[in-house]
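Just so we're on the same page: letters track the sequence lines, and every chain starts at 1.
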Number of protein chains: 2
Amino acid sequence: MDNKTKNRPLTPPPDGGRPTLKTIAFMTGLGITTVSRALKDAPDIGAETKERVRLVAKQIGYQPNRAGVRLRTGKTNVISLVLTLEEEIMGITSPMVVGITEILAGTPYHLVVTPYSAVKDAMAPIRYILDTGAADGVIISRTEPHDPRVALLTERGLPFVTHGRTEMGIVHPYHDFDNERFAYEAVRKLVARGRRKLVLLEPPPHLTFYSHMRAGFERGLRDFQADAVGFHQTNIDHSLVEIRDAFEVLMRSEDAPDGIVSGSGSGAIALIAGLEMAKKKLSEDCDMVSKSPSDFLRWLRPEVMTMYEDIRVAGRELAKAVIGHIDGQPPETLQSLSQPEFQPPITRGLRA
Amino acid sequence: MDNKTKNRPLTPPPDGGRPTLKTIAFMTGLGITTVSRALKDAPDIGAETKERVRLVAKQIGYQPNRAGVRLRTGKTNVISLVLTLEEEIMGITSPMVVGITEILAGTPYHLVVTPYSAVKDAMAPIRYILDTGAADGVIISRTEPHDPRVALLTERGLPFVTHGRTEMGIVHPYHDFDNERFAYEAVRKLVARGRRKLVLLEPPPHLTFYSHMRAGFERGLRDFQADAVGFHQTNIDHSLVEIRDAFEVLMRSEDAPDGIVSGSGSGAIALIAGLEMAKKKLSEDCDMVSKSPSDFLRWLRPEVMTMYEDIRVAGRELAKAVIGHIDGQPPETLQSLSQPEFQPPITRGLRA
DNA sequence: CATCGCGACTGTATCGTTACAGATTTGAAG
DNA sequence: CTTCAAATCTGTAACGATACAGTCGCGATG
């Protein structure tokens, strides 16, 4: 027996560590290459051999070394979630991460959170990922109509998905909440309640869903014959105190609205505070419809009509879409829009 | 010039890809090994050489290939945040992730989120990380007094930090919120308001901070001479509806408390709902102190006195502690306890 | 003048995996 | 009795980095 056959490890691998291809090769008496190809179900390996290899691999709990694979193939098995550190008060990230990991759990992918701080640095993490090949796919949010991140990722061919749409003529995977419809239905609801002077707490103008929400709001005004009260001093990215103070001023003016559409759950809190500081009462002087990513409004302010934006589901959709993109599915099949629906009130207890 | 010197790449590396040690070696005319050691500031490399290498490396934006390092050295540069998928309603994860990444941003570490689903599977992600060497350090939460994860990680020598303490005689890094003091101060506050029949919405009994919070509560009762009303039907892990219904029953009974200590912000919501369903009024019939990881209670129910648990800071502390542990600092220097403080009310606007 | 030590640098092997180009066997075709 | 193709299996090199064991030149030492 010549010991030139380096590929066939006659030395038992220095056990104690985790099993590698070499371990399996030793146990089956096969070459490392054969084992590798057998586990990949390559066509040039005998059926029985594959079976044997699979069995042994399973028995000893073989799991490919990620560093080895990554070094050789460039495949990282990483999905990168790119986030801004300037967090929304109610922490939209939480359910998002949960949703994503729910999907990734059934795959070899890991979720890496990649943050950026200043708004102007939004490109930094993207460049980092591209330059270092840190991930196989990227999830980005706070999408803008002409988003340079989308342009760059597309140009470099790195799979990604956006939370929110763009308007740059690039067909790419996305998941979005139908903010146009949200605002439209909100107006319908308020008008049905007899409200006619409506105000919108809008998203920051540079984000894509700003125009969606505005469009829905204005279409609603036209269709249901209501009037808009201007309120562009603040948006949902401002601090709650700023929103509150600006809204108090508005509510004290003669232009005071009688119906509110709030583009965010935490913004709604500030609006309520401003309204109450102006000595107005919710439900009486004013009705409100708010988007809400969680339950607290329904519990604490049941007068507010809420449409639930399920961020956890969004996370799931986003994860499925990036993976689809990585797997080469056409982008146009990886787009989804979640439809807003009014939430029922919290069920009252059944006891006497 | 002999071309045996494989280590000195005379062929310009097939550029187009990212720079590697080989690229720098080619540019400086040095060997790959020398470049590697120069960048590590090894003592056997000349000062001027180091300078040159560093300069070139910086110029071309060299960043070590993580897969290469990881394969060779086993160092992953990954911190794993182990989370349960069964999320608390208010999403504590969000600020936590933000806090952690704030610290990791200044280091070579990446944050990987590793979830587990069923409570019984809490060990699964730990075993996975240990078996596959997936991380250099681990952050775990929902700590129990005798936590098998802590035992296993300690035994295997993988650096970690817990959010919460244990009681197993193992000295390990942790960060915790002082729940004992929280409950104690809460009782003090309620008694100062003339409340004497107090109830505690407690954590689930298997978690360590259950006994902390209970201890503080009971010490407060003794020191300030108040009485406890039993309420063990539900805890902060139960659904809001369950908490509400159980609390309604209690509030309708002749045992109805006049002071509430709520161990969680979202639990507080349910308690308020239950109380109101029992036709009682906050502030009048009953006062409440609640722990709160966010601002919404202060905005929507300013009557509730809150102590803020800054999860973002917790994330920062946890990240610092794992890294310290990885760097070999003694565990006893990596323990921290954050002190609760009552939050001031939201500042009222300044305008007329 | 050999030898030693030291400073500065370098080649080789290796981590685990896979692409690629063989190698070996078997049986059928000529 | 070649020759060839198909079916299986295998060795080598490479991905990028580092541990280790050198090598080389040079001034000091005996």
inquiry  = With each end axis built from five pairs of C1' atoms, what bend angle do you get for the helix from C/dC1-D/dG30 to C/dG30-D/dC1? Round to 10°.
reply    =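 Terminal axis comparison yields 90°.
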Check the distance between [N]'s [atom2] and [X]'s [atom1] and give it to me in whole angstrom.
X	N	atom1	atom2	result
A/Lys22	D/dT10	NZ	P	16 Å
A/Arg72	C/dT14	CZ	P	18 Å
A/Asp44	D/dG11	CG	P	15 Å
B/Ile45	C/dT10	CD1	C1'	9 Å
B/Arg37	C/dG7	CZ	C1'	13 Å
B/Leu30	D/dT18	CG	P	16 Å
B/Leu21	D/dT18	CG	P	6 Å

Among [options], find the nucleotide with the atom closest to the side chain of [X].
X	options	value
B/Leu71	C/dT18, C/dC15, C/dT17	C/dC15
B/Val69	C/dC15, C/dT17, D/dA17	D/dA17
A/Ser36	C/dT18, D/dA17, C/dT10	C/dT18
B/Asn65	D/dG16, D/dT18, D/dT10	D/dG16
A/Thr34	D/dA17, C/dT18, D/dC9	D/dC9

Side-chain donor-acceptor contact under 3.5 Å, B/Ser94 with A/Ser94 = no
For residues 35-42 of chain B, please give each side-chain donor-acceptor pair under 3.5 Å, one per line with the distance, not counting sequence neighbours.
residue, atom, partner, partner atom, Å
B/Arg37, NE, B/Asp44, OD1, 3.2
B/Arg37, NE, B/Asp44, OD2, 3.4
B/Arg37, NH2, B/Asp44, OD1, 3.2
B/Asp41, OD1, B/Lys50, NZ, 3.0

OP1 or OP2 of [N] under 4.0 Å from side-chain N/O of [X]:
X	N	answer
A/Lys40	C/dT18	yes
B/Thr33	C/dG11	no
A/Thr49	D/dC9	yes

ring-ring contact (aromatic ring centres under 6.0 Å, His included): pairs with one or both residues in residues 100-121 of chain B, sequence neighbours excluded =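 Only A/Tyr128-B/His110 qualify under ring-ring contact (aromatic ring centres under 6.0 Å, His included).
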Would you give me the side-chain donor-acceptor pairs under 3.5 Å for residues 152-165 of chain B, sequence neighbours excluded?
residue, atom, partner, partner atom, Å
B/Thr154, OG1, B/Val150, O, 2.6
B/Thr162, OG1, B/Gly164, O, 2.6
B/Arg165, NE, B/Asp176, OD2, 2.9
B/Arg165, NH2, B/Asp176, OD2, 3.3
B/Arg165, NH2, B/His212, ND1, 3.4

message = Looking at every heavy atom in both A/Gln335 and A/Pro173, which two are closest together, and how far apart are they?
response = CG-CA, 4.3 Å
key: Residue pairs passing the salt bridge (charged side-chain N to carboxylate O under 4.0 Å, His left out) test where at least one lies in residues 93-107 of chain B, sequence neighbours excluded   =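 Qualifying pairs: B/Glu102-B/Arg312, B/Glu102-B/Arg316.
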Using distance only, find each side-chain donor-acceptor pair of residues 326-334 of chain A under 3.5 Å and give its atom names and separation, not counting sequence neighbours.
residue, atom, partner, partner atom, Å
A/Thr333, OG1, A/Pro330, O, 2.6

